[in-house]
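All values below come from the heavy atoms of this structure, side chains included, with hydrogens, waters and symmetry mates left out.
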Amino acid sequence: QVQLVESGGGLVQPGGSLRLSCAASGSILSIMRWYRQAPGKRRELVASITSDGTTTYADSVKGRFTISRDNAENTVYLQMNRLKPDDTAVYYCNAQTIRYGTNYWGQGTQVTVSS
């Protein structure tokens with residue numbers, strides 16, 4: 001079984017920065033993703049990164065967020081800069097295994113952007 005352990009969430013003022021981390025154990029992973037879900041809204045894909053480093057971003061975060069990964073450590077990061085109140089959400093790590101393509105989810109970490 002793959003376990004995803006997230007960290008880095010918290011409270012930050014508008015314009016501030018946070019870095020989220022998601023450490024995986026159990027299997028080598030292909031695509032790794034960050035989702036978020038704000039109150040009253042559907043869960044949305046924020047960013048993704050493939051095993052060869054190809055990245056995608058939601059339009060709402062493009063230019064402000066950066067996704068990266070350390071394949072040796074099976075860890076994915078989300079650097080969030082110039083945060084806005086609309087970024088407030090629970091952020092979830094998602095990863096897919098190389099061997100079987102099985103998807104796994106982290107427990108979620110709360111990001112609150114408020115003055």
*Asks:* Identify the heavy atoms of I98 and S30 that sit nearest to each other, and give their distance.
*Replies:* CD1-CB, 3.4 Å
*Asks:* Which pairs of donor and acceptor atoms, one on a side chain in residues 44-51, lie under 3.5 Å apart (sequence neighbours left out)?
*Replies:*
from, atom 1, to, atom 2, distance (Å)
E44, OE2, R36, NE, 2.7
E44, OE2, R36, NH2, 3.2
S48, OG, T56, OG1, 2.4
T50, OG1, D52, OD1, 2.3
T50, OG1, T54, N, 3.1

*Asks:* Let me confirm one number: the CZ-CE distance from R19 to M80, rounded to the nearest 0.5 Å.
*Replies:* 11.0 Å
*Asks:* Any salt bridge (Lys or Arg N to Asp or Glu O under 4.0 Å) involving residues 22-32? Give me the pairs, sequence neighbours left out, ordered by first then second residue.
*Replies:* none
*Asks:* May I ask you to decide if T102's main-chain N or O and T97's side chain share a donor-acceptor pair within less than 3.5 Å?
*Replies:* yes
*Asks:* Just by modelled atom types, is the R82 backbone N or O under 3.5 Å from a matching donor or acceptor in the R64 side chain?
*Replies:* yes
*Asks:* Are L20 and I67 grouped together when hydrophobic residues (ILVMFWY) are joined by side-chain heavy atoms under 4.5 angstrom apart?
*Replies:*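 Linked, L20 and I67 end up in one cluster.
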*Asks:* Which heavy-atom pair separates N103 from Q96 by the least distance, and what is that distance?
*Replies:*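 Scanning both residues, the minimum pair turns out to be OD1-CB, 3.8 Å.
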*Asks:* Write down the atom of L29, the atom of A24, and the distance for their closest heavy-atom approach.
*Replies:* CD1-CB, 3.3 Å
*Asks:* Tell me the closest heavy-atom pair linking A89 and Q110, and the distance in Å.
*Replies:* O-NE2, 3.4 Å
*Asks:* Other members of the hydrophobic cluster containing L11, with the 4.5 Å side-chain heavy-atom rule, please.
*Replies:* none
*Asks:* Please report the interatomic distance NZ(K62) to OG1(T55), rounded to the nearest 0.5 Å.
*Replies:* 9.5 Å
*Asks:* Do Y104 and I31 belong together in a cluster built from hydrophobic side chains that touch within less than 4.5 Å?
*Replies:* no
*Asks:* Might you point out which heavy atoms bring G108 and Y92 nearest each other, and give the distance in Å?
*Replies:* CA-CD2, 3.5 Å
*Asks:* Quick one: list whatever passes ring-ring contact (aromatic ring centres under 6.0 Å, His included) with Y35, sequence neighbours left out.
*Replies:*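 Y35: ring-ring contact (aromatic ring centres under 6.0 Å, His included) contacts with W105.
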*Asks:* Run the side chain to side chain contact (heavy atoms under 4.5 Å, CB included) test on S60 and D86 for me, step by step, so that the C-alpha distance in whole Å, both residues' side-chain angles and the decisive distance to 0.1 Å come before the verdict.
*Replies:* CA-CA 9 Å; S60 59; D86 285 349; over 6 Å; no
*Asks:* Output all residues satisfying side chain to side chain contact (heavy atoms under 4.5 Å, CB included) with V113, sequence neighbours left out; order by chain, then residue number.
*Replies:*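 Expected list: V12, P14, L83, P85, D87, T88, V111.
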*Asks:* State the OG-CD distance between S21 and Q79, to the nearest 0.5 angstrom.
*Replies:* 9.5 Å
*Asks:* Verify the neighbour count for atom CD of Q3: are there more than 12 heavy atoms of other residues, nucleotides or ligands below 6.0 Å?
*Replies:* no
*Asks:* State yes or no: do F65 and M32 share one hydrophobic cluster built from I, L, V, M, F, W and Y residues joined by side-chain heavy-atom distances below 4.5 Å, directly or via other members?
*Replies:*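 F65 clusters together with M32.
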*Asks:* Does Y77 sit in a hydrophobic cluster with other residues, and if so which ones, taking ILVMFWY side chains as linked at heavy-atom separations under 4.5 Å, directly or through other members?
*Replies:*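 None; Y77 is a cluster of one.
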